[in-house]
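Naming: A, B, ... by sequence-line order, numbering from 1 per chain. The model shown is predicted, which means the values in this text are computed figures rather than measured ones.
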There are 2 protein chains.
Amino acid sequence: MQTPENETNYSASKYRTPDGAPADIVIFTITSTEKPTAKKSLPNRELQVLLIERKQWPFTGQWALPGGFSKETETILESAKRELWEETGVDDVHIEYFNVYSAPNRDPRGWMISHAFFALVHEDDLARRRADDDAADVRLFPVEKALRMELAFDHRQILTDALQRVRQQMMTTTIAKEFLPDEFTMSELYQVIQTVVPEFEDKNFIRKITSTQSRKGIIEEVKDRNGQPKLSNQYSQRAAQLYRFTDVVPTLSIYS
Amino acid sequence: MQTPENETNYSASKYRTPDGAPADIVIFTITSTEKPTAKKSLPNRELQVLLIERKQWPFTGQWALPGGFSKETETILESAKRELWEETGVDDVHIEYFNVYSAPNRDPRGWMISHAFFALVHEDDLARRRADDDAADVRLFPVEKALRMELAFDHRQILTDALQRVRQQMMTTTIAKEFLPDEFTMSELYQVIQTVVPEFEDKNFIRKITSTQSRKGIIEEVKDRNGQPKLSNQYSQRAAQLYRFTDVVPTLSIYS
DNA sequence: TCAATAGTGTCTTTAAGACATTATAAC
DNA sequence: GTTATAATGTCTTAAAGACACTATTGA
């Protein structure tokens, strides 16, 4: 089917080709800080995004999303994972492709078609982060603050889109688990959801998740080896039931 | 910030760059054929995908998704819309980006990072379709058949992914309207959903959509100028209420 | 004791699910 | 009357929503 005669007719060099295919990553984490007031209480949580300060042209000195150019020998996803590893020292976390950015002149270096991912990382995993060759500084910013900053390239748009996607995924998938330990209390889960989606509110949250089918099998109570309910009093005087996510993948429908 | 001194340090030509950024489009339509048996009855519907037969190397003679190379002066979305226009003569339809395909050697012509879209087109709009320069033939195939064919490049994977995405969107968004007239009966809607998502079944479908909040405001009854319910007897002896989609964008949550 | 979080009781309303029944009108 | 689709009646069960109330235990 692929005859040499035909092959000679094609030459990529006849066409203008892209100058690069970068992968940019919006790395989200939730930081926890102790409430100064109380002894045992739920921490304050805040959604943060990792930015780097550029030390090279273009946009030298400005904050930007971490990213780097894809190589011919890897997929874009592999580039993104490599970049995530280089930037934070973490792998094996939730990373998800969400959009492509290809507006002409979005990058003064040339025709750059950028592939945007978001990653969800535990705060603890980011301890190892450090400045690398391309960055003068690496730092976490509260997303609300980052959205008000003048970021390099079209990175504010990318961040905006990423945030929208993560919020949607938070409500429709079980990605909340990426920000939680394996076993967690309902209060923790509720707090994590609210940290990502501030407008989420449900006065009967515990009741609703607890009362059978509503949770659709996505969450189950943790029992100890004796089959007794496993509790935690990490955040409260009264011990709370621990839950975990099951492997069930929820499916939603507007036509119920 | 962007000093000439720094600019001179960057040269795209130092790096291996992609040989092209194609956009490939999975064009879906639903064909309707009269049931031979009955006089007035719902048509048989089938989900179809548009494929082209390649007349050039590589994969000469094989069926492939329509697509083409993106230009430096346009976004990838614009490329896809241009390609859709060239291939089918339609514009202004639902077109949506869903993934990137970047496996090394996925294209024998070189390092090609492909951007995949799906488009949903009314059967009527495809009347104008025709073969163009790149294609020996253009034809609709039932998706189930297309999935069993040996398509060019990684197009079977792209088609598989597109179908999965369209099925998910069919259940969670109002894209059913892309396959329906502005005003439609509940039977038509139900049939369109089932055409795309065969396993969907709901014995009480009409009842459920009809009984208030369940439809979450996404669908409303059509009234005539006198405020009377507007009916259609196109598909049945007994006239059926017509409905339309509102502009409400449904939001779903696993945490209800 | 109180503070902070966890969890239950109770009642009302709404929706889901099943399934039989009735309605309409062309033929 | 038959046929094909449209729509309602009725009953049962499950879930949502509100909100007051009780529980636990360290400080």
I need the [atom1]-[atom2] distance between [X] and [N], as an integer number of Å.
X: B/F205; N: C/dA15; atom1: CZ; atom2: P; result: 16 Å
X: A/I209; N: D/dA16; atom1: CD1; atom2: C1'; result: 12 Å
X: B/K203; N: C/dA15; atom1: NZ; atom2: P; result: 23 Å
X: A/N233; N: D/dG26; atom1: CG; atom2: P; result: 7 Å
X: A/Y255; N: C/dG17; atom1: OH; atom2: P; result: 17 Å

Can you pull the salt bridge (Lys or Arg N to Asp or Glu O under 4.0 Å) pairs that have at least one residue in [range], sequence neighbours excluded?
range: residues 161-180 of chain A; answer: A/E144-A/R167
range: residues 180-194 of chain B; answer: B/R45-B/E188, B/E183-B/K230, B/E183-B/R244
range: residues 190-202 of chain A; answer: A/D202-A/K208

Is any side-chain N or O of B/K208 closer than 4.0 Å to OP1 or OP2 of C/dG17?
yes
Taking only residues two or more places apart in sequence, or in another chain, which ones meet A/F98 in a ring-ring contact (aromatic ring centres under 6.0 Å, His included)?
none
Show me the protein contacts with nucleotides 7-10 of chain D, counting only N or O atoms at under 3.5 Å.
{"from": "D/dA7", "atom 1": "OP1", "to": "B/Q241", "atom 2": "N", "distance (Å)": "2.7"}
{"from": "D/dG9", "atom 1": "N7", "to": "B/R207", "atom 2": "NH2", "distance (Å)": "2.9"}
{"from": "D/dG9", "atom 1": "O6", "to": "B/R207", "atom 2": "NH2", "distance (Å)": "3.1"}
{"from": "D/dT10", "atom 1": "O4", "to": "B/R207", "atom 2": "NH1", "distance (Å)": "3.0"}

Counterpart residues, salt bridge (charged side-chain N to carboxylate O under 4.0 Å, His left out), relative to B/K223 (two or more places apart):
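Partners of B/K223 under the salt bridge (charged side-chain N to carboxylate O under 4.0 Å, His left out) test: B/E221.
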For A/I27 and A/T88, work out which heavy atoms get closest and say how close.
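Looking at all heavy atoms of both residues, the closest pair is CD1-CG2, 3.7 Å.
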